[in-house]
Amino acid sequence: MSENVVHLHKPTDPPTPDTAPTVLTVVPDAPPARPVPLWVRSGHAVKSVATHETTRAIVRAAARHGLYTFNGGRIVARRAWDGRTGSRYERMIRAAEAAGNLEAAEEWEERLQRFRAARHHRRMDLLHSPVDAAKGVVVGAGMSIGALVALGVVMAINTGHVGDVKTQLSATVDFIALLIRIVQIVWGPALSIGPFLALLALWSVGRKQHAAPNWALPANVRSGEGEPITPSIVVKALRDLGVPALARAIKEMGDAGASMLGPITIAGCGVEVDVTLPSGVSTNEVQGKRRKLAENLTRHEHEVFITIPQAARTVRLWVADSGALDEPIGPSPLVTDDTMTADYTRGKAPWGQDLRGDVAALSLYQRHLLITGLSNQGKTVALRSLALWLSLDKSVQFLMGDLKGAGDWNMFDGLATTLIQGPTDEHVIQVTEMVEGAVDEMNRRLQAPPGTVFPPLIVLVDEAQVAFMCPAKGTGKDKRPYGGAKADSRYFMAVRKIHNQGRAVNVLMWQGTQDPTNENLPKLVREGAHTRASLALGTESQARMALGDKAVDGGAAPNLLRPGLDRGTLVVASDGISIPAGQSSITVRTHYIDDDAATAITDRAKALRDGVTTLHAIDRSAEHDPLADIAVVVGDAPRVRTKDVLARLSARNSGAYGDWSFLDLKRVLDDADASPYKSDGVMVVSRDRVARALANRDGEGSASAE
């Protein structure tokens, strides 16, 4: 069934049947747009031309060069006025008085008096100078004419012609006439060109001083692009620092605020200047506003360093050239010089460059070392570069533990006596026993005859925070923890022992750690290092942990380095590196030595040696059994003096026991619960205790086997 659909809305344009006639619709043209008035078009054109970049550049150039000339004239006039009057000395006196430096004020006043006396003497001389000048002209002219006549007489006598007497006078007169003609010819053009030359000289002075507004200066010297550091810029930056006492003192100094400044000297990729602060302004007020000072100097914060020299109320500013610290410093001499060798005693490791661009070399002789910083900032590379240099001294021995285990120290395989790599608790145990072995070696050296010379032994632990944070504990009777920062911590105590006495016998502890805290870098350990260096850190408290209060109070600020961007840049506090007088630290940009270059260096170091067999673990299951050997040497006697036990053990196996001390013997017996004791005033070893300990150990072994 079909349904009819009824549309309630009538179409606006109903369809036209095919049979309907065609209807043509005429659409009239749109009315023409109203013409834009001439004054509007002219205004748009003028605005376009006025705002065009070319026009702006022309206006800036015209303003810049015009102001160069005008301000250059002001500068020259000011210099001339200062040279002719005592205004310069008066400014310096006012500045010294405002700064509270009465000695300097007296010195400048004395100089002013000498200047005035000399000026008065010159003015008095001017009263007599016209008469003296006239007399001098007359006398000089008479003597000259007499000399010419005498010369003419000599020539006349020689030639026999009387007319030759006046030849010299005639020649002189002709020469003077020639000079007059030359002056007449040149005088006119000189009067025309002279003003232009004077304007050019004024323009040159203004251009050198950048004597124009910032908006008119070229783009390469405009603010934001790193304008040159001048005394006026430094004084203005200090005035706007937000320290009221400093701002008031500078205003009282008038135009002589620059008297606070020492000479601005070029220092590497920047400039350096000492600022003597006025009375009432402390150095830490300026240090605490480093970012604002840097921005006032149109620099980034990391491009301004503030240190405290020895002089009282003085801060030393080092301001980098804009962007200079982001440029690489070049390869290490270890990479470029295949003939380089090392000298542990007298040499210095070429570590990098300081901010001045000078070579930063570090002495490693009898100095414990600590390098810390945030993760992935170049700590391992900085530590490894020192070890690479020292490896070129064939007398140096290495015990190495890398508790990261990423292969950063693989190139020392075949060079280090021990190389343990890995992050687990078992690796920490191995590294701890390695350090304890170094303690035993240190004790053996300390007990050697006086005058014995020992080769350097470097005990290096990278990622040492893993050892301090390790929860593992000993087995058997010895339940001491391997990690921690207490007296029962094995790793902590071993490091402390080396710090206390190791340097006397060339046993040195080097450690690299991450993100220091009191838990993963105990106070006694970090303060035991003679050379302390830090890469970028997160907080000032961490900076104090890494470098100490003295270095931080003196301006060291590794916490202001930029993580990631300042990778490889570290702040060093050590007497083994050249530090400017009065400073307690220095900032060093270290050379980057990649793995391939490091491998090439260690290959050269291995060629200097006869061959080193590297142990990759501490072998606890040695071929000899100390407890069983002790039982054998004690024999049937109920007790034997410890001194005799050591002698018998050495005779039985000199390779294993020849270097043993009482501490080694006691450690083995304590672990077996057979500790020596005192009898009749001497320490003895009990046969029954040793036998019981052997029986207990064998019984535990049988039970575990079942």
Side-chain angles (χ1 to χ4, degrees), residues 432-452 454 473-482 484 486-502 504-505 507 524 618-703:
T432 301
E433 293 179 350
M434 177 191 76
V435 179
E436 289 176 337
V439 173
D440 295 339
E441 171 63 15
M442 176 189 72
N443 291 332
R444 184 187 70 82
R445 294 183 176 189
L446 289 170
Q447 297 173 23
T452 305
F454 300 102
K473 295 184 178 181
T475 60
K477 181 182 178 182
D478 186 4
K479 297 292 185 179
R480 291 190 301 157
Y482 287 90
K486 297 182 179 179
D488 60 348
S489 168
R490 293 180 61 176
Y491 180 79
F492 171 77
M493 290 306 298
V495 172
R496 286 292 299 142
K497 290 176 181 177
I498 295 179
H499 278 176
N500 289 339
Q501 295 179 298
V505 288
V507 178
L524 292 178
I618 302 299
D619 187 7
R620 300 195 197 100
S621 58
E623 296 179 357
H624 56 278
D625 185 345
L627 188 59
D629 290 341
I630 292 172
V632 171
V633 299
V634 169
D636 297 331
R639 64 186 66 85
V640 179
R641 293 192 304 174
T642 54
K643 180 179 179 181
D644 295 336
V645 172
L646 288 173
R648 295 174 185 180
L649 285 172
S650 179
R652 177 178 176 82
N653 188 342
S654 60
Y657 306 114
D659 296 333
W660 265 36
S661 65
F662 170 77
L663 294 177
D664 299 311
L665 177 62
K666 185 176 184 299
R667 174 173 55 82
V668 172
L669 294 174
D670 286 346
D671 291 343
D673 199 13
S675 301
Y677 61 95
K678 185 171 289 189
S679 175
D680 296 332
V682 295
M683 296 298 294
V684 298
V685 177
S686 171
R687 178 195 63 188
D688 294 339
R689 290 187 180 185
V690 174
R692 185 167 56 252
L694 277 173
N696 292 338
R697 189 187 68 178
D698 295 341
E700 291 177 359
S702 300

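Hydrogens, waters and symmetry mates are skipped; everything else that's a heavy atom, side chains included, is used. Note that the structure is a prediction, hence the values are computed from the model and not measured. Sequence positions, counted from 1, serve as the residue numbers for this chain.
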* Evaluate the side-chain contact (heavy atoms from CB on, under 4.5 Å) criterion for residues L446 and Q501: first the C-alpha distance (whole Å), next the side-chain angles of each, then the deciding distance (0.1 Å), finally the verdict. => CA-CA 8 Å; L446 289 170; Q501 295 179 298; 3.9 Å; yes
* To do: Can you see which heavy atom on V439 is nearest to which on A494, and at what distance?
  => CG2-O, 3.5 Å
* Note, R639 side chain near R687 side chain (heavy atom, < 4.5 Å) -> no
* To do: Supply the atom-to-atom distance Y482 OH to D488 CG, rounded to the nearest 0.5 angstrom.
  => 12.5 Å
* Test item: V682 and T642 side chains (from C-beta on) under 4.5 Å apart, heavy atoms -> no
* Structure fact -> Tightest non-hydrogen contact, residues A438 and V507, listed as O-CG1, 4.3 Å
* Asked: Between V640 and V684, is any pair of side-chain heavy atoms under 4.5 Å apart?
  -> no
* **Minimum heavy-atom distance between A631 and L694, given as atom pair plus value** => CB-CD1, 3.5 Å
* Asked: Can you list the steps and then say if V668 with W660 is a side-chain contact (heavy atoms from CB on, under 4.5 Å)?
  -> CA-CA 11 Å; V668 172; W660 265 36; 3.5 Å; yes
* Asked: Can you name the nearest heavy-atom pair linking H499 to L524, along with the distance?
  -> ND1-O, 4.4 Å
* Using atom types as modelled and distance alone, determine if a side-chain donor or acceptor of N696 lies under 3.5 Å from a backbone N or O of A693. => no
* Asked: When rounded to the nearest 0.5 angstrom, what is the spacing between CG in D671 and NZ in K666?
  -> 9.5 Å
* Is any side-chain heavy atom of S686 less than 4.5 Å from a side-chain heavy atom of V634? -> no
* Give the minimum heavy-atom separation between M442 and I498, together with the two atoms involved. => SD-CA, 3.9 Å
* Say you draw a straight line from CZ of R444 to CG of D664; how long is it, rounded to the nearest 0.5 Å? -> 11.5 Å
* Please answer whether the main-chain N or O of V505 pairs with a side-chain N or O of R445 as donor and acceptor at a distance below 3.5 Å. => yes
* Asked: Any side-chain heavy atom of P481 sitting closer than 4.5 Å to one from Y491?
  -> no
* Asked: Say you draw a straight line from CG of D440 to CD of E433; how long is it, rounded to the nearest 0.5 Å?
  -> 11.0 Å
* Asked: Is there a donor-acceptor contact under 3.5 Å from the side chain of R689 to the main chain of D673?
  -> no
* To do: Flag the pair D644 and R641 as a salt bridge only when some basic side-chain nitrogen lies within less than 4.0 angstrom of an acidic carboxylate oxygen.
  => yes
* Structure fact -> To the nearest 0.5 Å, atom CG of L665 lies from atom CE of M683 at 9.5 Å
* Euclidean distance, R496 CZ relative to M493 CE, rounded to 0.5 Å -> 7.5 Å
* S489 (side chain) donor-acceptor with K486 (main chain) under 3.5 angstrom -> no
* Mind checking whether R480 and K473 have side chains closer than 4.5 Å, heavy atoms only? -> no
